[in-house]
Amino acid sequence: MDKGKKVLVVGSGGREHAIVKSLAKSPKVAEIFCAPGNAGIANDAKCLPIKVDDVEGLVNFAQRNHIDLTVIGPEAALVAGLADAMLQNDIRVFGPTKGATQIESSKEFAKMLMEKYGIPTGKYKSFSAFEDALDYVKKGSFPSVIKYDGLAAGKGVVIAQNLKDAEIALREMLHDHKFGDDKVIIEEFLEGPEFSFMCFVSGEKVYPLELAQDHKRAFDGDKGPNTGGMGAYSPVPFISEKVKNEALEKIMKPTAKALMDMGLPFCGVLYGGLILTQEGPKVIEFNARFGDPETEVVLPRLESDLFDFINYAIEGKGFIPQWSHDAVIGVVLASKGYPGSYKKGEEIKGLENIQTEVFHMGTAEMNGKFHVAGGRVLMVTAHGDDLPEAALNVEKEIKLIECPSLFHRTDIGKYVLNTESK
């Protein structure tokens, strides 16, 4: 493809910042727009005052400005049917249709697909009535996994250790409708280490990316409530190439084919939230887009041109991406109180001293200075020859940031770090 291409990235978080930075490395990309973007992304792309679910506004912008490629970040845009509208208007887009996005937007749909096509996952049952769900949990064993069926910004999963925890979760989801009016899935608890496996998918063509591991709990030692992700690292040394290939052949490729067979061809990023059990890798969940915060540690390891990679994937052409052997760890700095209520507005000092990549998640710029504007605020990343070195490097960088209203986990990658240091 020739030079001078225009790209539109849809979204406003750290994931989109990482996508923008990676696309900016391509000699073929002349201009990058981000809708709506954030204060940090504004340093790397032209931010637009268009919301991610403003389908008409985004399509109109892409048409007027002759956008060559649109990359959709968040699930809200996919569920709004942005990819469908782009395709209907002959705009090249990397992101699945609303129908294919059901693999993420409905956990019941995903479970039914896996059951029908023999894709390994835990046993489950769905409920729409609080009393029925509670009665089922009482007859089962603990821990029990309770998931809100629809989208819940990464917070609709509870691992209930006892009946009290289960009842609170079910009451919030089915009685109080905390996330909406969808059903609840109660799943078998699977044991083993978790890992994230993202693949570019176009129909039945599947292009695997490097693995990562995300840390969902708010505090050190995997304590506290679930969040949108407090940090991640890549590679994942305890997942062998054999296990990765097994996951590719038994989970990711069959899922892409299943969606094709159902008349819902997938084009975009299929994210497998997987767990390595004693029986082999199984699915915990699927997402229909780049993971966050995994993208922020995987794309910095990509040595190939992301613009080329995406376009070859859309066209279903052969492409083998090249990856750095570096290890990357990313740590999220979040507002104290997150994922509950938190204060906004405090100035973030010291960012100009950071030598490694920082991805903005929830910042605002006022008078040339960055301020806290969200729950997850920044993700500081660092490279190293191995994960222990990367962990030391990222902690050094974080210490340069001054903002008392932020907190972060100090044990991202701890499972691997403890193993590697022995």
Side-chain angles (χ1 to χ4, degrees), residues 4-20 23-24 29-42 44-106 109 150-154 179-182 200-203 228 259 263-271 287-290 292 295 306-307 310-311 313-315 360-362 364 373-374:
K5 297 297 182 181
K6 295 181 180 180
V7 181
L8 170 62
V9 177
V10 178
S12 62
R15 162 184 51 213
E16 288 76 29
H17 200 176
I19 294 168
V20 165
L23 284 168
V29 174
E31 206 167 4
I32 303 175
F33 301 91
C34 191
N38 63 38
I41 292 174
D44 301 290
K46 293 182 181 178
C47 291
L48 311 170
I50 309 175
K51 294 181 179 178
V52 300
D53 57 357
D54 181 358
V55 173
E56 185 179 354
L58 290 164
V59 169
N60 286 341
F61 177 85
Q63 287 179 317
R64 288 196 314 271
N65 291 275
H66 307 289
I67 296 298
D68 297 289
L69 172 67
T70 297
V71 181
I72 303 174
E75 60 272 28
L78 298 169
V79 172
L82 178 57
D84 306 65
M86 291 281 183
L87 291 168
Q88 287 162 11
N89 287 278
D90 296 320
I91 300 166
R92 176 166 286 218
V93 61
F94 192 57
T97 61
K98 186 175 181 178
T101 298
Q102 289 178 90
I103 197 75
E104 173 175 7
S105 63
S106 172
F109 172 87
L151 298 174
F179 303 113
D181 296 325
D182 281 323
F200 286 3
V201 172
S202 181
L259 287 164
L264 300 169
F266 192 102
C267 180
V269 181
L270 181 64
Y271 167 112
N287 290 334
R289 35 79 191 182
F290 281 103
D292 188 356
T295 301
L306 179 61
F307 182 78
I310 289 174
N311 280 290
I314 290 173
E315 295 163 11
H360 288 241
M361 298 174 133

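With rounding to the nearest 0.5 Å, the separation of CD1 in Ile50 from CZ in Phe33 is 10.0 Å. For the atom pair Leu23 CG and Leu69 CG, the distance stands at 7.0 Å (nearest 0.5 Å). Between atom CD1 of residue Ile19 and atom CD1 of residue Ile72 there is a gap of 10.5 Å, rounded to the nearest 0.5 Å. Annotation: the span from Ile310 atom CD1 to Ser202 atom OG amounts to 12.5 Å, rounded to 0.5 Å. Atom CZ in Phe61 sits 4.5 Å away from atom CG in Leu48 (nearest 0.5 Å). Rounding to the nearest 0.5 Å places CG of Asn65 at 9.0 Å from CG of Leu8.
Scanning all heavy atoms of the two residues, the minimum distance from Ile314 to Cys267 falls at CG1-SG, 4.0 Å. For Gly4 against Ala30, the heavy-atom pair with the smallest separation is CA-CB, 3.4 Å. Minimum heavy-atom separation, Asp292 to Gly14: OD2-N, 4.2 Å. Between Ala83 and Gly95, the closest heavy-atom pair is CB-O, 3.2 Å. Contact detail for Arg289 and Tyr271: the closest heavy-atom pair is O-CB, 3.6 Å. Across all non-hydrogen atoms, the minimal contact from Gly40 to His360 is CA-CG, 3.3 Å.
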Checking Val10 against Thr70 for the side-chain contact (heavy atoms from CB on, under 4.5 Å) test, could you report, in this order, the C-alpha distance in whole Å, the side-chain angles of both residues, the deciding distance, and whether it holds?
CA-CA 7 Å; Val10 178; Thr70 297; 4.0 Å; yes
Kindly determine whether Glu104 and Val79 satisfy side-chain contact (heavy atoms from CB on, under 4.5 Å), including the steps that lead there.
CA-CA 9 Å; Glu104 173 175 7; Val79 172; over 6 Å; no
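A search for side chain to side chain donor-acceptor pair (under 3.5 Å) contacts involving Lys46 returns Glu31, not counting sequence neighbours. The ring-ring contact (aromatic ring centres under 6.0 Å, His included) check on Phe200 picks up Phe94, Phe290, Phe309, with sequence neighbours excluded. For Ala80, the side chain to side chain contact (heavy atoms under 4.5 Å, CB included) test picks out Asp53, Val55, with sequence neighbours left out. Applying the side chain to side chain contact (heavy atoms under 4.5 Å, CB included) criterion to Gln63, with sequence neighbours excluded, gives Val59, Asn60, Asn89, Ile91. Qualifying side chain to side chain contact (heavy atoms under 4.5 Å, CB included) partners for Gln88, counting only residues two or more places apart in sequence or in other chains: Asp84. Looking at residues two or more places apart in sequence or on another chain, you find a side chain to side chain contact (heavy atoms under 4.5 Å, CB included) between Ala18 and Thr295, Glu296, Phe359.
Counting heavy-atom neighbours within 6.0 Å of Lys51 NZ, excluding the residue itself, gives a total of 12 or less.
Remark: the backbone N or O of Val7 is not paired with any side-chain donor or acceptor of Asp68 at under 3.5 angstrom.
Counting heavy atoms from C-beta on, the side chains of Arg92 and Asn311 come closer than 4.5 Å. By the 4.5 Å heavy-atom criterion applied to side chains, Pro36 and Val52 are counted as neighbours.
For the residue pair His17/Asn38, the side-chain donor-acceptor check at 3.5 Å is not satisfied.
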